[in-house]
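See structure below.
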Amino acid sequence: MAAETSNPPEENESILTSAPRQAVRPFLRVLEGIGSCLRLLLEAARHIPTLPRQFGRFIEQCYLIGYTTLPIVAILSFFIGSVLALQSGYAAANIGPKQFIGLLVGLSMARELGPVMAAVLLAGRVGSAIAAELASMKVYQEIDALETMNIPPARMLVLPRLAAVLAMMPVLTIMSDLVGWFGGAIVAKYTHFISIEPASYFATMRQYMDFGDVLNGLVKAEIFGFAVVLVCCNIGLNTRGGPREIGASVTRAVVTSLILILVLDYFVTKALM
Amino acid sequence: MQNAQQTARVGLFFLLGMALIWVTFETLSGGKILRDKGYQIVAGFDTLKELKEGDDVRMAGVKIGEVAATRLAGRRAEALLRIDTHQVIKEDASAVIITNGLIGTAYVSIDLGSDRAGSLKPGAEIRTRNTPDINEVMAQIGDLGKKLEGALQGISGAFAGDSKSPGLVQRIDQLVTDNRENLSRTTANLQLITDKVNRGEGTLGRLINDPKLHDELVAGVADLRSGAAQAKSFLASAQSLVDEVKSGRGTLGTLVFDQKAGDDLKASLASLRSVSDKISRGEGTLGKLLGDETLLRDMRSLLRKADRALDGMGDSGPLTAVGVVANGLF
């Protein structure tokens, strides 16, 4: 098992030493990242039967991923919803159909901004923490120690996090949606050039929205959250070198996660239409 | 302990999230998963317009199902309508596609049908009606606008006129200009008259301003009314009289309507005529009296003699006269 995880970087190093191959290095690194992520995923999936025994760890990760992330998600969603209402109200003020602000905010939050914002905050707050924790464990050879004790890190460190993010993302997303909707309703009522009653704001939302729109957002959030945690675990576990590499890994993990969220967003949205 | 608290928080958090998802689901989709599958009926249209899967099916405005599928079937378009199990659709009910506003949402509206008709079976086809498309209506409104514009142009032409003939406005203007003096005089007179009326001068003024005159007028009208009533009763009696005459009662009636009386009258008139003829011919005593001159002369001389006798009597004194009278009496 130890040989499996340490082999690929060595191989890569041997490949990349030759000069002509320097040009394709970033490309290779992307492929390498995708490959190692998939390997980590498969390995974690192999240990799913051990999940009930790791219930304590699962709960701990749920707490970190869900419970402690909620306040920032709520605050951000509130203002996202508010600003959406404000901007669409500003745009609609000259056209007329102001009652559709409710629908616009509702759909935008449920289908797009709710899941994306939840995932972005997850990457910033949880993804960075995961990458930092696993990178330091790797740098200080705790991972090696685990492997020596025949405890695969995919089982003990990755699987509970992946399970926890799957359980928590829908909760975070629905709260993000609702808080965003209410934020929009408040702004729509108290902004002088919009001033729509919440009843009419929510009526258009109810009339033209379906639970399918919300479900669409929840599915997207699950995919984003899962991808963010997997990528951050992978980058953390693949950190090599000294303590300085920990910081570099965190940066890489967050940047990769953000790019991944937006790229996935397009394809998942298209696939779910 | 801390571990247990953490677990409880996570549990609560998770349950809260699930509850919120459920509430959202119930609010937005009305708990569709738990709903019965209902039954399907088919509605065929020339065109489905904006109708798409998932649109409402409403009866009298109440949602009773939705469009399960849309498809082309030969030369027409069909919509499969899923209706809630407990909703009954009458056989003579008809479906129509309503386009809801300009943004293009549509629903199928089914009317209530008649009370006695049987209910539609699952899978049966409902009657449909085609309504004009919003675009057709818009086109018609456009035509109407053109017509209206033409009509308005005609009206404004009549008002404004053209180079050949002056318009209505011009004519009125000319009329007013030409007759300005007359008009102002008429207005002044009117003013004078209304002033007089206001002051209570003249008949009209008094009529309007004097309560006594009004009372008199009322009394006059009352008199007229009673006179009319009397006239009525008079006419009624005249009528009854005429009726009696008609029925042959009374003298006049007999005279007018009784054949025998008529004959008698004729005979009397005929004999009267013969008498008068005789008289005029101087026949008989009366005829002679009237037609004979000698008789007149005789009468005159006789009267003269009588006069003389009376004079003589006057001379012999009133006693003699009394004696004569007494002689005459006893």
Side-chain angles (χ1 to χ4, degrees), chain A residues 55-71 73-74 95-97 99-100 103 106-107 109-110 114 118 160 163-164 166-179 181-182 202-219 221-222, chain B residues 1-37 50-58 61-70 82 98-109 134:
Chain A
F55 190 69
R57 272 187 220 110
F58 168 73
I59 290 296
E60 193 189 337
Q61 291 305 323
C62 280
Y63 185 78
L64 287 174
I65 289 171
Y67 194 83
T68 59
T69 314
L70 178 66
V73 165
I95 309 168
Q99 66 273 28
F100 291 107
L103 178 64
L107 275 181
M109 283 308 295
L166 283 183
M168 286 297 113
M169 268 320 262
V171 181
L172 283 178
T173 310
I174 193 74
M175 284 183 176
S176 166
D177 288 351
L178 289 175
V179 170
W181 292 350
F182 278 99
F202 285 113
T204 48
M205 207 187 272
R206 280 183 63 174
Q207 190 178 352
Y208 296 106
M209 269 180 77
D210 204 346
F211 182 69
D213 296 316
V214 177
L215 196 67
N216 185 300
L218 295 183
V219 170
E222 288 279 33
Chain B
M1 186 61 199
Q2 210 217 325
N3 215 351
Q5 210 179 24
Q6 202 178 54
T7 311
R9 278 183 190 177
V10 169
L12 186 70
F13 184 70
F14 186 74
L15 286 180
L16 184 67
M18 291 301 124
L20 286 178
I21 290 176
W22 181 253
V23 167
T24 317
F25 170 62
E26 282 285 337
T27 313
L28 292 181
S29 286
K32 218 180 280 171
I33 287 172
L34 289 185
R35 271 244 202 102
D36 60 340
K37 291 206 157 175
E50 310 283 338
L51 199 70
K52 58 187 184 303
E53 229 176 280
D55 281 341
D56 288 358
V57 175
R58 298 189 196 172
V62 180
K63 187 181 173 185
I64 58 166
E66 65 268 315
V67 178
T70 55
R82 191 203 64 78
I98 308 275
T99 309
N100 197 4
L102 291 173
I103 55 167
T105 54
Y107 63 89
V108 176
S109 176
I134 186 92

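Order of the sequence lines fixes the chain letters, A, B, ..., with proteins taken first and strands second; residue numbering starts at 1 for each chain.
- A:Glu60 and B:Gln6 get closest at one heavy-atom pair: CA-OE1, 3.6 Å.
- Neither the backbone nor the side chain of A:Leu215 comes within less than 4.5 Å of any heavy atom of chain B.
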Open item on the list: Test side-chain contact (heavy atoms from CB on, under 4.5 Å) on A:Leu178 and B:Leu20; report intermediate values, then the result.
Closed with: CA-CA 8 Å; A:Leu178 289 175; B:Leu20 286 178; 3.5 Å; yes
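- Atom-to-atom distance recorded for B:Thr24:OG1 and A:Asp213:CG is 12.0 Å, nearest 0.5 angstrom.
- Annotation: side chain to side chain contact (heavy atoms under 4.5 Å, CB included) contacts of A:Thr69 (sequence neighbours excluded): A:Ile72, A:Val73, A:Arg125, A:Val126, A:Leu172.
- Judged as a side chain to side chain contact (heavy atoms under 4.5 Å, CB included), and not counting sequence neighbours, the contacts of A:Tyr67 are A:Tyr63, B:Arg9, B:Phe13.
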Open item on the list: Evaluate A:Ile174 against B:Met18 for side-chain contact (heavy atoms from CB on, under 4.5 Å), listing each step before the verdict.
Closed with: CA-CA 9 Å; A:Ile174 193 74; B:Met18 291 301 124; over 6 Å; no
Task: Worked verdict on B:Ile21 versus A:Phe211 for side-chain contact (heavy atoms from CB on, under 4.5 Å) - done: CA-CA 9 Å; B:Ile21 290 176; A:Phe211 182 69; 3.8 Å; yes
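- Pairing each heavy atom of A:Val171 with each of B:Gly17, the nearest pair is CG1-CA, 3.4 Å.
- Rounding to the nearest 0.5 Å gives a distance of 3.5 Å between CG of B:Leu16 and CE of A:Met175.
- The nearest pair of heavy atoms linking A:Ile59 to B:Thr7 is CG2-CA, 3.4 Å.
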